[in-house]
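The structure displayed is predicted, hence computed values, not measured ones.
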Number of protein chains: 2
Amino acid sequence: MATIAVENYLKHILLLSRDSSELVPMGALAGALSVVPGTATTMVKSLADEGLVEHRPRCGVRLTGEGRRVALNVLRKHRLVETFLVDVLKMDWSKVHTEAEQLEHAISDEVLDRLDALLGHPQSDPHGDPIPSKQGKLSSQVYATVATCLAGPNLRVVRITEQSAEFLQFAEKKGLQPGTTWRVTERDLTGGLVTLRRGTGKPLALSLAAAGNILVEPLKPATGPAEGE
Amino acid sequence: MATIAVENYLKHILLLSRDSSELVPMGALAGALSVVPGTATTMVKSLADEGLVEHRPRCGVRLTGEGRRVALNVLRKHRLVETFLVDVLKMDWSKVHTEAEQLEHAISDEVLDRLDALLGHPQSDPHGDPIPSKQGKLSSQVYATVATCLAGPNLRVVRITEQSAEFLQFAEKKGLQPGTTWRVTERDLTGGLVTLRRGTGKPLALSLAAAGNILVEPLKPATGPAEGE
DNA sequence: GGCTCCTTTTTGATTAGTCAAAATCAATCT
DNA sequence: AGATTGATTTTGACTAATCAAAAAGGAGCC
């Protein structure tokens with residue numbers, strides 16, 4: 001069985017690469033795991049020995065088929081646990097990430113399956129992050145962010161791509177949960193500000209940095225709803 | 001925070017001592033944890049340094065107040081998780097122990113509380129083992145075992161004190177869950193056999209060893225139901 | 001071409017937890 | 001008492017994961 005550390009390395013390599021052929025630089029990996037670069041190098045070499053990753057010295061690292069399989073399973077556990085914590089235990093949206101970080105390494109595949117069934121086989125977790133299927137398929141739909149949307153059309157929030165409790169708390173307080181509808185009323189690129197409005201509610205100003213963490217889709221797609229990738 | 005190993009040592013010391021003043025021999029502890037005796041000695045000494053146990057060299061070990069607090073919290077997590085797995089996820093009675101062994105170290109106190117509330121603050125887990133209260137109170141009701149009951153009166157199963165999947169599977173198959181009612185129809189001490197019967201069902205013969213794992217209470221106590229200690 | 005800077009790798013140490021096997025202790029049994 | 005036995009502790013070694021700091025590459029810049 002993979003240790004907790006191994007599972008974490010694999011999960012973060014998966015999260016840091018947009019497609020499975022892309023090399024993740026060691027520095028980025030070390031940063032994501034909060035270890036010094038030397039530690040990441042050592043660990044990656046031993047993962048390579050086990051056939052879980054391919055290490056290109058001085059270039060980076062990527063998952064092998066087997067490594068990706070393990071990583072997707074961990075990610076599936078993480079996101080299903082998050083969903084469980086919010087939907088069933090009614091936990092605070094902003095706390096579940098840290099909690100799931102522990103639980104993802106402690107639940108068996110059987111519990112995973114039963115949790116999945118209990119929750120009705122959800123497609124995405126409370127932050128809108130897609131949940132890998134049991135077969136290891138991960139939806140990679142590309143969404144626009146609030147930072148890049150023009151003023152005008154109604155937008156549905158689909159995902160918050162920033163796991164920090166601080167940001168999530170902020171988003172929750174402002175009502176920016178996935179599923180809610182907003183429109184951009186103002187874009188001030190010079191000032192780095194975007195202003196949103198939910199129906200006739202009061203306007204909400206966001207920095208471009210913050211807005212970049214909020215993925216949205218246009219509310220009534222012109223050519224009918226596109227069915228995944 | 002206590003590591004997983006520390007939590008396990010404390011939990012097993014708690015489980016191996018009937019009252020909190022009793023010394024647990026190092027051999028017994030090592031056996032319960034499946035480590036060699038030397039490992040237990042080393043670990044116990046470091047637990048003593050942290051003030052979690054009191055180590056009497058060559059005699060044994062017992063929990064301090066703080067150690068007991070931590071141990072009870074782990075046990076509470078273990079038993080509430082088991083209850084959750086059976087009651088909510090409908091998992092097999094005989095599998096939940098191993099599962100809970102992992103999860104008990106991964107859930108936070110907040111999740112614990114919410115789980116407790118979700119399950120309706122149960123007093124005992126699916127095996128009938130008492131669940132420590134949040135305040136650290138552990139019911140220590142003493143029950144008779146089937147091995148020591150005379151033939152005749154109706155008995156309610158309250159607890160199975162044997163965590164092995166094999167035994168639990170056997171008990172489940174025979175219908176020996178906590179809450180069910182049986183009576184002893186025959187005791188053959190020489191042969192080491194006890195025969196039980198559930199209503200008018202077919203008789204079930206158990207070895208004394210097996211019968212000793214099944215705790216029962218008389219169904220209609222003569223002097224009114226005693227209200228715990 | 002040679003320098004500089006940034007990233008990555010190497011090297012040497014450290015911590016937690018473990019095992020194997022030798023040493024020690026205490027209790028019991030002649 | 002002296003010897004035997006069984007439990008416990010000590011000693012030395014190992015693995016996984018980590019850090020700090022030195023060494024090595026490579027990319028771009030004069």
Discussion item. Between the opening five pairs and the closing five pairs of the helix from C/dG1-D/dC30 to C/dT30-D/dA1, how far apart are the helix axes, to 10°?
Written reply: 30°
Worksheet item: Of the options A/R79, A/R159, A/E82, which is the one that meets A/H127 in a side-chain hydrogen bond (donor to acceptor under 3.5 Å, both in side chains)?
Response: A/E82
Worksheet item: When you match B/I4 and A/K45 each to their closest nucleotide on DNA chain C, which lands nearer the 5' end?
Response: A/K45
Worksheet item: Side chains of A/S108 and B/E99: is there a donor and an acceptor less than 3.5 Å apart?
Response: yes
Worksheet item: Does a nitrogen or oxygen in the side chain of A/T39 sit under 4.0 Å from OP1 or OP2 of D/dA17?
Response: no
Discussion item. Just the rounded figure in Å: distance from P of C/dA16 to CG of B/L52.
Written reply: 14 Å
Discussion item. Using a 4.0 Å heavy-atom cut-off to protein, can you give one letter per nucleotide of nucleotides 2-8 of chain D, 5' to 3': B if the base is in contact, S if only the sugar-phosphate is, - if neither?
Written reply: ------B
Worksheet item: Is any side-chain heavy atom of A/L176 less than 4.5 Å from a side-chain heavy atom of A/I214?
Response: yes
Discussion item. Would you say that B/L150 contacts B/V184 through its side chain, given a criterion of any heavy-atom pair below 4.5 Å between the two side chains?
Written reply: no
Worksheet item: Got more than 12 heavy atoms from elsewhere within 6.0 Å of CD, A/Q123?
Response: no
Worksheet entry | Interatomic distance, A/M43 CE vs C/dT9 P [rounded to whole Å] | 15 Å
Item to complete: Using distance alone, with no hydrogens and no angle criterion, decide if A/S164 and A/E162 have a side-chain donor and acceptor under 3.5 Å apart.
Response: yes
Worksheet item: Would one find a side-chain N or O of B/Y9 under 4.0 angstrom from OP1 or OP2 of C/dT18?
Response: yes
Worksheet item: Hey, are the side chains of A/D129 and A/S124 touching, using non-hydrogen atoms and a 4.5 Å cut-off?
Response: no
Worksheet item: Would you say the side-chain atoms of A/H78 and A/D125 include a donor-acceptor pair closer than 3.5 Å?
Response: no
Discussion item. Could you tell me how far apart A/L10 (CG) and D/dA17 (P) are, to the nearest whole angstrom?
Written reply: 11 Å
